[in-house]
2 protein chains.
Amino acid sequence: MTTLKELAALLNISVSTVSKALNDSHEISENTRIRVKELATKLNYKPNRIAQQLKTNKSKTIGVILPTVTNPFFAEVLHGIEMAATDSDYDIIVCLSNETLHKEKRSLELLSNGSVDGFIMAVARESQVKKETDHINAIIKSKLPVLMFDRVVSDIECNKVIVDDFQCVYEATEYLILKEKRKNILLVSNIEELSVGKLRIEGYSKALEDHNLKPVILKLDNAKDEDVENKIYNYLKSNTSIDAILSIDHVTGIVAINMAKKLGKVIPKDLSVVGFGYEHTQLLSSPKISIIHQKAHKIGEMSTMLLIDNIKDESLRSKTIVVPSELKLSGSTQTKF
Amino acid sequence: MTTLKELAALLNISVSTVSKALNDSHEISENTRIRVKELATKLNYKPNRIAQQLKTNKSKTIGVILPTVTNPFFAEVLHGIEMAATDSDYDIIVCLSNETLHKEKRSLELLSNGSVDGFIMAVARESQVKKETDHINAIIKSKLPVLMFDRVVSDIECNKVIVDDFQCVYEATEYLILKEKRKNILLVSNIEELSVGKLRIEGYSKALEDHNLKPVILKLDNAKDEDVENKIYNYLKSNTSIDAILSIDHVTGIVAINMAKKLGKVIPKDLSVVGFGYEHTQLLSSPKISIIHQKAHKIGEMSTMLLIDNIKDESLRSKTIVVPSELKLSGSTQTKF
DNA sequence: TTGTAAGCGTTATCAG
DNA sequence: CTGATAACGCTTACAA
């Protein structure tokens with residue numbers, strides 16, 4: 001890699017002159033500025049980022065800590081983060097906690113040594129279940145800005161970008177009750193221990209309560225793929241009165257449709273199904289599932305912008321932004337034949 | 001952030017003594033070593049990574065450039081990369097090219113200034129279509145190791161981790177012909193411009209040819225979601241002799257199942273469907289789709305290990321590893337009821 | 001056993 | 001207009 005020193009030596013001028021010339025300092029003569037720049041492009045000179053970082057004590061890098069990236073929601077958030085970060089000339093270092101506390105902790109600790117100027121994170125499942133958040137507090141106390149999205153810890157003060165979990169599930173439930181005239185709505189949950197899961201269940205319960213109906217919840221306890229199908233199938237088989245399903249995650253809604261069809265149910269006549277979904281979810285089910293579409297990409301963008309604001313101005317550190325979800329009915333994007 | 005200088009000042013010893021003590025140098029007395037370490041932990045000292053990087057001229061960071069991360073294949077590869085990198089104490093900086101040449105180029109250029117010790121990349125769709133690869137060659141010439149996976153450029157010499165695209169599709173096709181006794185196998189493609197798409201089509205064509213059958217290919221030309229369904233539906237409607245579908249991407253196989261059911265076809269009696277898939281793909285279709293399962297996670301791991309080898313030893317730079325795929329038949333993981 | 005000093009590649013201050 | 005010098009935080013000969 002070409003350095004300032006090398007350029008200086010080749011041109012028989014000092015390092016500082018070269019530096020100034022490249023940075024368009026007005027102290028430098030037109031002549032040398034051009035000579036320097038020509039040689040620089042010729043040798044493909046690029047200022048060493050590490051040296052600049054050491055000098056300025058800024059890494060222009062954001063640490064992104066995600067529970068997983070194979071979940072399409074987080075993948076789409078990551079996409080949003082990457083785009084917004086690029087727009088603002090930030091790099092992102094990505095770490096995956098794999099839903100474990102120890103990896104989350106390790107990543108935060110390893111990166112809080114000057115590697116990053118701040119963190120964007122969604123709390124790991126284990127951390128949330130165990131209510132273990134000291135490691136996050138430690139980072140904040142060390143003056144490194146942290147932004148939490150989606151899975152947040154309510155008693156930590158920092159910027160947050162969240163989904164309107166309670167509200168959108170409330171509305172979806174009410175839609176099933178009022179528009180689709182459903183009375184036995186089963187909530188299927190594979191994420192009941194997460195903060196978002198709890199909020200969604202509350203939204204569902206409140207809506208049923210407000211309409212004098214009885215909540216029925218099938219908790220899958222974070223089951224494995226194989227068991228998910230079995231549990232849903234068996235439940236539907238033994239509880240034939242169920243006329244609607246509300247899945248609060250991204251997968252079990254589609255599984256429910258498939259299992260219901262297997263049981264001979266006609267969708268949506270016998271059973272309405274609403275789930276959570278992302279951009280391409282509806283392409284994967286037939287008939288199309290109705291989805292609560294979280295604006296994952298937008299969540300990523302907003303998170304990044306908010307964190308960068310916070311990095312630049314320490315005082316901007318306790319804002320919470322709610323990104324509203326959108327209920328996409330099966331009909332509204334259904335392909336016409 | 002605490003620095004060596006601060007520790008030294010507080011202990012009234014020199015910076016180098018502190019440094020050595022922390023690095024367990026044998027030159028340092030038991031006594032001071034302990035004193036230093038105690039204070040260090042007390043003040044939560046962490047060596048400034050940026051300074052270390054400048055000193056050693058190593059970033060211990062890998063640049064990962066992916067076309068997208070919302071495609072589950074790349075998400076899973078990223079997961080593999082992250083885990084392997086963490087194991088070897090490397091960070092990863094992730095950039096998404098969004099399938100565009102200019103973003104890919106920009107990312108490579110921006111990171112090749114000391115930010116990373118090497119790159120792992122899958123070439124963007126646009127770069128592959130336009131056969132524009134000078135930017136990648138430039139990096140390699142500048143002595144930064146590059147590893148390409150999945151979508152590779154054949155006339156660039158570097159480490160590569162690829163899938164057995166030709167072979168696995170050949171075998172899947174042969175399976176349809178020999179075991180399932182299919183004669184009119186439609187290949188559905190939404191990625192025919194990619195190197196991997198071409199190889200898969202060749203594998204399919206060769207298998208048909210070897211068995212004296214005629215290839216029939218439905219190219220979707222990188223169509224949007226809405227059109228994918230329509231095109232497949234219409235094709236199946238007007239070509240009723242089709243008795244098997246081979247999808248060479250991760251989505252259109254499931255769409256094909258749904259469209260075939262819509263047309264009243266019974267699967268797998270009337271129509272066998274094989275697609276590409278990842279870990280959870282089969283959970284999303286009913287009946288379960290047979291999939292060619294690419295070991296995406298393993299691809300990520302192998303890529304990382306190979307790149308790190310190359311970083312440590314410059315001479316290890318022209319190996320190609322083929323990660324075999326696995327044909328997962330619908331029956332083999334089918335849930336039993 | 002401890003300390004001094006140089007250097008990684010930049011930028012910034014100050015002097016010439 | 002140009003250059004010498006110091007500094008960012010760390011490591012490491014080399015001296016003491």
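Reminder, nothing fancy here: chain letters follow the sequence lines and each chain counts from 1. All figures in this text were calculated on a predicted structure; none of them were measured in a lab.
- Look at Thr17(A) and you'll find a side-chain N or O under 4.0 angstrom from OP1 or OP2 of dG3(D).
- Nucleotide dT10(C) holds its P atom 12 Å from the CD atom of Gln53(A), rounded to whole Å.
- Residues Ile321(A) and Lys160(A) are not in side-chain contact: their nearest non-hydrogen atoms beyond the backbone lie 4.5 Å or more apart.
- Sparse packing is recorded around NZ of Lys105(B), with 12 or fewer heavy atoms of other residues, nucleotides or ligands lying under 6.0 Å away.
- Within the structure, every side-chain polar atom (N or O) of Ser19(A) is placed at least 4.0 Å from both OP1 and OP2 of dG9(C).
- Judged by distance alone, with hydrogens and angles left aside, Lys46(B) brings no side-chain donor or acceptor close enough to the base of dG9(D) to form a pair under 3.5 Å.
- One finds a side-chain N or O of Gln52(B) lying less than 4.0 angstrom from the OP1 or OP2 phosphate oxygen of dT11(D).
- Going from atom CG of Asn113(B) over to atom C1' of dG9(C) covers 12 Å, rounded to whole Å.
- By the 4.5 Å heavy-atom criterion applied to side chains, Ile120(B) and Val77(B) are not counted as neighbours.
- Whole-Å rounding puts the Ile28(B) CD1 to dT11(D) C1' distance at 13 Å.
- What you find for Ser127(B) and Glu104(B) is that their closest heavy atoms are OG-OE2, 2.9 Å.
- Below the 3.5 angstrom threshold, one finds no donor paired with an acceptor across the side chain of Lys20(A) and the base of dA12(C).
- A sub-4.0 Å separation between OP1 or OP2 of dC8(C) and a side-chain N or O of Asn48(A) is absent.
- Residue Thr56(B) has no polar side-chain atom (N or O) positioned under 4.0 Å from OP1 or OP2 of dC8(C).
- Counting distance only, with no hydrogens placed and no angle test, the side-chain atoms of Lys55(A) and the base atoms of dG9(C) include no donor-acceptor pair under 3.5 Å.
- Ring planes of Phe149(A) and Phe73(A): tilted class, angle from 30 to 60°.
- In this structure, Ile13(A) reaches the sugar-phosphate backbone alone: every heavy-atom distance under 4.0 Å involves primed, P, OP1 or OP2 atoms, never a base.
- Taking a pair as Watson-Crick or G-U wobble with both distances under 3.5 Å, the runs of three or more consecutive pairs in DNA chain C are C:1-16 with D:1-16.
- In terms of modelled atom types and a separation under 3.5 Å, the side chain of Thr70(B) and the main chain of Ala75(A) share no donor-acceptor contact.
- Of the side-chain N and O atoms in Lys5(A), one or more sit less than 4.0 angstrom from OP1 or OP2 of dC8(C).
- Judged by atom type and distance alone, Ser14(A) does not reach the base of dA4(D) through any side-chain donor-acceptor pair under 3.5 Å.
- Residue Thr3(B) places none of its side-chain N or O atoms closer than 4.0 Å to OP1 or OP2 of dC8(D).
- Nucleic acid contact for Ser29(B): sugar-phosphate only, since backbone atoms but no base atoms lie under 4.0 Å from a heavy atom of the residue.
- Across Val123(B) and Met148(B), no two heavy atoms sit closer than the pair CG2-SD, 4.0 Å.
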